[in-house]
**Q** 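Before I ask anything, let me first share the structure, which is written out below as structure tokens.
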There are 4 protein chains.
Amino acid sequence: MIKAGIIGATGYAGNELARLLLGHKEVEVAWYGSRSYIDQKYADVYQNFFKLVDAKCMDDNMAALADEVDVIFTATPQGLCASLVNEEILSKAKVIDLSADFRIKDVKKYEKWYGIEHKAPQFIDEAVYGLCEINREDIKKARLIANPGCYPTCSTLSIYPLLKEGLIDPNTIIIDAKSGTSGAGRGAKVPNLYCEVNENIKAYGVATHRHTPEIEDQLGYACGQEVLINFTPHLIPMNRGILVTAYASLKKEVSYEEVRAAYDKYYADETFIRVLDKDVCPQTKCVEGSNYVDVNFKIDLRTRRVIMMGAIDNLVKGAAGQAVQNMNLMFGFDEAEGLHQIPMLP
Amino acid sequence: MIKAGIIGATGYAGNELARLLLGHKEVEVAWYGSRSYIDQKYADVYQNFFKLVDAKCMDDNMAALADEVDVIFTATPQGLCASLVNEEILSKAKVIDLSADFRIKDVKKYEKWYGIEHKAPQFIDEAVYGLCEINREDIKKARLIANPGCYPTCSTLSIYPLLKEGLIDPNTIIIDAKSGTSGAGRGAKVPNLYCEVNENIKAYGVATHRHTPEIEDQLGYACGQEVLINFTPHLIPMNRGILVTAYASLKKEVSYEEVRAAYDKYYADETFIRVLDKDVCPQTKCVEGSNYVDVNFKIDLRTRRVIMMGAIDNLVKGAAGQAVQNMNLMFGFDEAEGLHQIPMLP
Amino acid sequence: MIKAGIIGATGYAGNELARLLLGHKEVEVAWYGSRSYIDQKYADVYQNFFKLVDAKCMDDNMAALADEVDVIFTATPQGLCASLVNEEILSKAKVIDLSADFRIKDVKKYEKWYGIEHKAPQFIDEAVYGLCEINREDIKKARLIANPGCYPTCSTLSIYPLLKEGLIDPNTIIIDAKSGTSGAGRGAKVPNLYCEVNENIKAYGVATHRHTPEIEDQLGYACGQEVLINFTPHLIPMNRGILVTAYASLKKEVSYEEVRAAYDKYYADETFIRVLDKDVCPQTKCVEGSNYVDVNFKIDLRTRRVIMMGAIDNLVKGAAGQAVQNMNLMFGFDEAEGLHQIPMLP
Amino acid sequence: MIKAGIIGATGYAGNELARLLLGHKEVEVAWYGSRSYIDQKYADVYQNFFKLVDAKCMDDNMAALADEVDVIFTATPQGLCASLVNEEILSKAKVIDLSADFRIKDVKKYEKWYGIEHKAPQFIDEAVYGLCEINREDIKKARLIANPGCYPTCSTLSIYPLLKEGLIDPNTIIIDAKSGTSGAGRGAKVPNLYCEVNENIKAYGVATHRHTPEIEDQLGYACGQEVLINFTPHLIPMNRGILVTAYASLKKEVSYEEVRAAYDKYYADETFIRVLDKDVCPQTKCVEGSNYVDVNFKIDLRTRRVIMMGAIDNLVKGAAGQAVQNMNLMFGFDEAEGLHQIPMLP
């Protein structure tokens, strides 16, 4: 039994971490950190935890926390983890950062897209990008995990096999993504009000969204060359779920079986990736509440393009679930421990 | 490890049973019965089960099923269970009926409200009404369980302590209930289409809904006299959840503490009933996906009435979850086994 | 052609006023007041008005405004209209106040329920309660209109004929109301975020909601005695719409025809009130975007109660539409001018 | 005052036609055709029309109808209009077909994508594709209008100026479209149930959707060469609205002003097309209930692509509104008559 602390426990990703860790056999949550709700009962902030969590919210003192727990999750805005982490903390506790601070290896690129100075560049090289299915072995040895973004997780896993196998042209990748509103966080802002989101759809961050360089980096590692993509996220009137629809030109004419074999090569043994049957489209509802990634593809012979699709729950595989999966790998637990939730339908 | 069969596995309640039983340590689902989808893969009907359930749908032969399993769940339309069950089946397997067939002890009342002839009246007396928190000891010994309706579960548990303790006048009870659309089932009907339900609210079955006599019976048992109520259900644009707002006149002036004590007397030790803190209203979202019942009340001194509120997930505590809870009691398992889901928010 | 000014034009009711007045043949909107968005283009605050409204937002200087326009609408928080209005303003322009400031004739009652001091009690007597179907003649002569609240409009109109005709017992009235989220306004608050409201239902303001005394006053006028009610509002995951389900004991046994005759007596000639056919339940979707009130009732002989139901669009008949209807009466326009919108479905 | 008949009046597009025509000064609806609801009151099928429409539903006898009305709208499944129309009918009444029967000039292409035989190929050449902003002059003279599909309307208008002006490469066009559920019609099918659509998003008809050749034809006319595109529609949990996000490679480096000038060249004088301000994204909510098309674009210099976006209400500009606009052109009415609805928000 290890002890875990959550910094940023009152955001939606923090709340989901609490939900998953409470059902985890090897972990006890010892610290619900929340700058905004210090000394309030956690179950008063999140009524779903009534009678399940008695703890009050604590501050975000990472140094103090490192003395008490084995693993620290930071589910906080960009910049906070980098401003708090140091060598002493990392020598005492493993850190899984759900923010973007350690995802991008090029500090200049990070600072340009995020518009803030990086306060701990010395740890960027050490940090392991926690996309479990791709970087499993490195994760097992890591002290500091950069937990992937929600869009990058879904995008990368949907495209990776075809890029890795050289079936698609890296210069032609277009990613059109759709996300439920929990991805926008729990901050009280007019555009996230019920009446603004409901019965509406819009794109946002067109050609400027911060997840773009993160996806480009991961796709670049897959094909061994620089990749520039178009990435357009959309806000969807639903709570949870990301659907990625990605387009790329095929390098040559391929059969369904060849493309399918590429997916199977990398994912056939993966617990959490489900390559659907031919012509079945991923649906966010069918992964809701679970750590699954549903992927599939369609070849369009007329245009010689392939359409790649992926669906995740943005709060699970796109945030808290993948963080738990990373923790499991780092501590030698069963990789699926605490992540056995079956997608809930309807 | 026991074996279970589900007749009606492709309705929403059947699907939820499958979700819960797959996570249950003591049960294996051996039979996914579905008249409409015989020989089709269950995971093709419910894509959330892809890679999780390999079985194909079977017919609804309850006699054959009783030879293979220890417990049979019937999540089927009214009348089917009564038309299939017999002494031989009950001698081989326990039956938990999620339909209304055995909920009402007066067969004439059943036939009047449901408009069908009862095919197995000889089992009505034996059948135990499976409201676990009220009838726990009888359930443990039962062969045949009448699993309560969704509205009756939420209504009865919200009102029971005050009626049992004689604090409210049984002749003044009004129940205004609101339900998510999964309660209407998976049948393809125009009124249940997305565009008809979304951005809309309406009452239905006003003064005629079939759950009325079931609620009246249970409230009658609680106070030892006949009870007639007004019960008005409403259809809400959400997938899951029932909220009950019930009104009754107080027999005398009472304090918050007295009423609270009545709830605590019956529910303080119950795992699945949460009496919320003063002035906190139950919310369906805060029980979603779980077996919890959240209840609370408000005294209105101006009108000398009390407002009683309760929230459940209609597919869990209102159907499949309570069925599993009943099974646990009948087979001597931990009452909460398979029901540890934490409410999912958002 | 008269000129109108809106104070509070950037709230949801203000936005709806703008929508309705833009289609009104006799009115030109000359002032879009908004303290929060002064000098910003109105169409930048509400993108639906792009290319339709060129004006910028103005301050809330009611005295200056009275010099420029014939009618002033205040769609502002409680207390603002009372703090701004004075004799000089009323001598120059008619005022239609969409807040609660002049709805309650007993200033002490207002101050108790709203928790603020009333700044212009001298105008309370003069103000006419703008429920058009009940107070039409007084409205025609008024300088100052207290535009009714959304819940009181729907509640009063649903119950009025039966109370006026003495068919129901005033001491037994219970009103269970359900509202779309636009009723909560455009303020950026966590409980109104999409993810908090969606897939959720809860009661709020139980036994304490400020619309209670307003409804009680109106029902009291109808039956000529003091009325105390239970009023419980609920927040529904939809943008627009209020549904009222009201319960009362019948004074004597009555037939469908007798009750129907009571409704017809008051509403048969009303353009905006539709008494539905027998057994058809009002639905909010069927009045959406329009000024209609759909009402109906059901007699329950078992309990000797009647269930009265009403549906409105909270932003139209519950706010801006009724305000326009009041303006039409005050200025001698056709009562339905600018209010010919047909309910939009789906 | 002309008379109009609607065949297929009880589908969602037919219902919307009725809503728009009821507010039209020059038209009276004389025939509500509906094979499924013959002899039932139209207002019983669509409760929003209670007290507004007294008519009963009629059959779909187009020949009889042509004797009674000046214009016939067919809002019916593919194939019906072609099977009914003939020279005699066209000599008596103008026909506006909201189905796909006369949209595609190559009958073989139509039969391949729709899988049915075309029953009236002799009228295909004569039929005018009713995209009003592009084909206005031909529409004015037409007897038979092929009213454009919802996706093709939004897609074509979003892309047209750039293609026409030669700014983008026709071989690189990818259209990712998102639609509200009313586009799926009012047929009672499991995939369109509330619980299946709500809290879910999925692509459908990937690489095979029937609107693909229609869009390709229109884009081909704009650039004077054959165009093949990728078109991927998605089902969104909302009632109304289509958002198109389209991608294409720029032929050369261009400035914002150059692209903006292309849009202005074609749309500056159009009543119903609104080219939004720089960096403002179209939102379906901001056109809901109206005939507007909101378009905008974003240049991505990194990838040398342009992202084009468009939003419409699928039932208005995507169906009934455009049909009325076509009728207005054909009969010499003001083009905007009956179409002055202001988008409703929220």
**Q** In terms of side-chain geometry, is the basic nitrogen of E257(D) or K278(D) positioned less than 4.0 Å from the acidic oxygen of its partner?
**A**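 Salt bridge between E257(D) and K278(D), a charged N being under 4.0 Å from a carboxylate O: no.
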**Q** Parallel, tilted or perpendicular, judged at 30° and 60°: which one describes the rings of H209(A) and H211(A)?
**A**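 It falls in the perpendicular class, over 60°.
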**Q** Looking at M309(D), K178(D), R240(D), which has the largest count of heavy-atom pairs under 4.5 Å with chain A?
**A**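 The option with the most such pairs is K178(D).
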**Q** Which bit of T212(D) comes within less than 4.5 Å of chain A, counting heavy atoms only: side chain, backbone, both or neither?
**A**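 The side chain, not the backbone.
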**Q** Which bit of I307(D) is near chain A, if near means a heavy-atom gap under 4.5 Å: side chain, backbone, both or neither?
**A**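 For I307(D), side-chain heavy atoms alone lie under 4.5 Å from chain A.
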**Q** Please determine whether a side-chain nitrogen of the Lys or Arg among K109(D) and D217(D) lies less than 4.0 Å from a carboxylate oxygen of the Asp or Glu.
**A**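 Looking at D217(D) together with K109(D), the answer is yes, because their closest N to O distance falls below 4.0 Å.
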**Q** Only pairs of heavy atoms separated by less than 4.5 Å count here; which of Q283(A), E199(A), E288(A) has the most with chain D?
**A**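 Greatest number of close heavy-atom pairs with chain D: E199(A).
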**Q** Which one, N198(D), V206(D), L235(D), leads in non-hydrogen pairs under 4.5 Å with chain A?
**A**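 Winner by heavy-atom pair count: V206(D).
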**Q** Would you call the rings of Y151(A) and Y204(A) parallel, tilted or perpendicular, where under 30° means parallel and over 60° means perpendicular?
**A**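 Judged by the thresholds at 30° and 60°, the geometry between Y151(A) and Y204(A) is tilted.
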**Q** Any salt bridge linking R260(A) with D264(A)? Criterion: basic side-chain nitrogen under 4.0 Å from a carboxylate oxygen.
**A**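 Counted as a salt bridge, because a side-chain N and a carboxylate O are separated by less than 4.0 Å.
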**Q** Can you confirm whether or not the ring centre of Y160(A) sits under 6.0 Å from the ring centre of Y267(A)?
**A**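 No; Y267(A) has its ring centre 6.0 Å or more from that of Y160(A).
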**Q** Most heavy-atom pairs under 4.5 angstrom with chain A, which of K298(D), K202(D), R302(D)?
**A**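 With the most close heavy-atom pairs to chain A, the winner is R302(D).
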**Q** Specify which of N239(D), D279(D), L301(D) makes the most heavy-atom pairs with chain A at under 4.5 Å.
**A**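 Result: the option with the highest number of such pairs is N239(D).
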**Q** Output yes when E16(D) and R19(D) qualify as a salt bridge under the 4.0 Å nitrogen-oxygen rule, no when they do not.
**A**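 Yes, E16(D) and R19(D) are salt-bridged.
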**Q** I'd like to verify something: which residue of C281(D), C286(D), G241(D) has the highest number of heavy-atom pairs under 4.5 Å with chain A?
**A**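 Option with the greatest count: C281(D).
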**Q** Counting only non-hydrogen atoms closer than 4.5 Å, does P237(D) touch chain A with its backbone (N, CA, C, O), its side chain (CB onward), both, or neither?
**A**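 P237(D) touches chain A through backbone and side-chain heavy atoms alike.
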**Q** Checking the side chain of D313(A) only, and the main-chain atoms of G289(A) only, is there a donor and an acceptor separated by less than 3.5 Å?
**A**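 Yes.
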**Q** For L228(D), is it the side chain, the backbone, both, or neither that has a heavy atom closer than 4.5 Å to a heavy atom of chain A?
**A**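 Answer is both: backbone and side chain atoms of L228(D) are under 4.5 Å from chain A.
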**Q** Does any backbone or side-chain atom of I236(A) lie under 4.5 Å from a heavy atom of chain D? Answer side chain, backbone, both or neither.
**A**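 I236(A) touches chain D through side-chain heavy atoms alone.
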**Q** For each of D300(D), N230(D), I242(D), tally heavy-atom pairs with chain A at distances under 4.5 Å, and name the one with the top tally.
**A**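 Of D300(D), N230(D), I242(D), N230(D) has the most heavy-atom pairs under 4.5 Å with chain A.
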